[in-house]
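One structure is given below, encoded as structure tokens.
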Amino acid sequence: MKKITKILISALVVMCVVSCNNKRGEFALQVKYLPVKLVNSQKWSIVDLTTGEIVAKDTFATQPSAIVADLFYVANDDGTYSYYSVRDLSKPVGDKRWGSVTVFSEDGYAVASERGGALCVINNKCEVVKQLPRDVVACSMFSNGRAIFRTEQELVGYIDVKGDTVIPAQFTAANAFLHGDVALVTRNVGDSAFDITAIDTRGKELFSVSSLEYGILTPYFSLGALALQHADSVVFLDRNGKETVNPDKNYAQIAKKGYAQVITSPSMTYIVTDKKGKQGVVDAQGQELIPLKYDRVGNIAPDRYLVLTDTVASIVDSHGVAVGKARFTQFQAGPNDVFAIRGFIDTGIAAAQFLQMVAPEYCAGALAGSTLMDLNALVGDDPRPFVGLNAIPHSEGSFIVFYYFDRDLASAPKGGEPQFNYDARLVSVSVSSQLSHCGVNTEQEVLDIMKGNLGSRGFVFAKDDVFVSELGTTLALGYSHGMFNMFYFANPALTQPLPHVRRK
């Protein structure tokens, strides 16, 4: 099967969220180091943002997480994760391999689960501080001393760094205390309405408004105010729910200068885009700090920006001066996984969820003969991102879905505009889900349950865990290093069994 022919460059993380309540700084993550993949390198390195020095060159085969408080995690070959410290890259911190993890907070705490075990809070030595209750199915990274947890009942609340519940699970959705001591939570009050409530770190309600009147523009307070859509205008509420003026007093002045886009950065500068699509940075008076000549610009640390030209990024300071000589094509400035999930599942439920994906819109006989025109809703109206690609990535809950076609999805004729190849024919669909946080035999247990139920979906067993439908289309099941995989072949001629690779 043809592989995807382009590498997607990691998106620049523009953390344009600030708050005068955040005494530790304006940035969502306080980072001193940046994981990067250097130009012409196949491995990951680490760059010191202060000096631009490469402190670990071509050290990791898989992408490290964001580095906070000098700590980060890396995936192992068996689908687990190990934490490392920039101060000593020769060995992991602690001897445990974790099934699911979050990045550390500046306070030195993270949330992780042992493979097949419950979630727990760990300290910067990777020692368990406290195990969370078994009905907690997911828990976020810590932000300002609080992490969001979700229960089996689909309710969310908050814990502190000791692992104690400080705000009980009572909300349908919740946001992090990202930049201070106020967060937004929601409660459903009907089929199409919910309350938008601001709370403090103890759960005290500060104010509440209805989604029937207001729309959430950003789920956090910026400069002490919350921006909401109200009727045809944008309004700002203070922490008491009273209307106030836009706290960013210079934004309107900068926007009037005719830029196509203006973004407030954490350093209270402005990342601006001109009408040709080039980006740069100006200060509060509109004076140019970084020339408008880059494809993308992102403010990731005080006095440090990432600038991207074509596919190559580098680091500059707030005057556009290069910091170090590192040039890279990929980087990790934000958290990979905001939530960790518990390390055990009901394999019957997991198998049933996979069986639900054996449906016409995913991988059943009804897709045989489909073309890109039939599935055009997956690509939208812009062909440019799909030039040279033969697969469409899609996510559905915890599932990763790829639709593969017999030719490129779009082509760019010499001297012409890119055009979709709507006659491209679907040849296969893959559906995958990560189970590496679960017990080592979970994948086989899920597969065995599915084998006993595929008959009700119109598929009968052939061999090597390949199943055939009455239409001749096929379905293959397998797993590798903690990832459970299911391939539907709309073109039976391409059928091939999937590997069954157990974790160590």
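Residues: numbered from 1 along the sequence shown. Worth knowing before you read on, the calculation uses all heavy atoms, side chains too, and leaves out hydrogens, waters and symmetry mates.
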For Y83 together with F104, are the ring centres under 6.0 Å from each other?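 Yes: the rings meet the under 6.0 Å criterion.
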Looking only at atom types and distance, does a side-chain atom of [X] sit under 3.5 Å from a main-chain N or O of [Y], one as donor and one as acceptor?
X: H230; Y: V235; value: no
X: S267; Y: T269; value: no
X: S208; Y: D195; value: no
X: S85; Y: L71; value: no
X: Q229; Y: S233; value: yes
X: N299; Y: R304; value: yes
X: D374; Y: T371; value: yes
X: D88; Y: S90; value: yes
X: S113; Y: L119; value: no
X: D48; Y: G52; value: no

Taking every non-hydrogen atom, the tightest pair across [X] and [Y]:
X: M268; Y: L223; answer: CE-CD1, 4.2 Å
X: G163; Y: L132; answer: O-CD2, 3.7 Å
X: F207; Y: N240; answer: CD2-C, 3.7 Å
X: Y158; Y: L184; answer: OH-O, 4.2 Å
X: Q419; Y: P383; answer: C-CB, 4.1 Å
X: K257; Y: Q285; answer: CE-O, 4.2 Å

Ion pair check, [X] and [Y], cut-off under 4.0 Å:
X: R425; Y: D406; value: no
X: D70; Y: K32; value: no
X: D200; Y: R239; value: no
X: R384; Y: D382; value: yes

Apply side chain to side chain donor-acceptor pair (under 3.5 Å) to the pair S82 and N76, showing each step before the final yes or no. CA-CA 7 Å; S82 293; N76 299 309; 3.0 Å; yes
Residue that, paired with V111, satisfies side-chain contact (heavy atoms from CB on, under 4.5 Å) out of V136, V103, I122, T102: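 So the option named by the test is T102.
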Result of checking L217, L237, V234 against L228 for side-chain contact (heavy atoms from CB on, under 4.5 Å):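 That would be L237.
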Under the side chain to side chain donor-acceptor pair (under 3.5 Å) criterion, do S318 and D303 qualify, and how do the steps go? CA-CA 5 Å; S318 58; D303 195 34; 2.4 Å; yes
Ring-plane angle category for F420 and F386, please: parallel below 30°, perpendicular beyond 60°, tilted otherwise. tilted
Do D248 and T264 pair up side chain to side chain, a donor and an acceptor below 3.5 Å, judged on atom types alone? yes
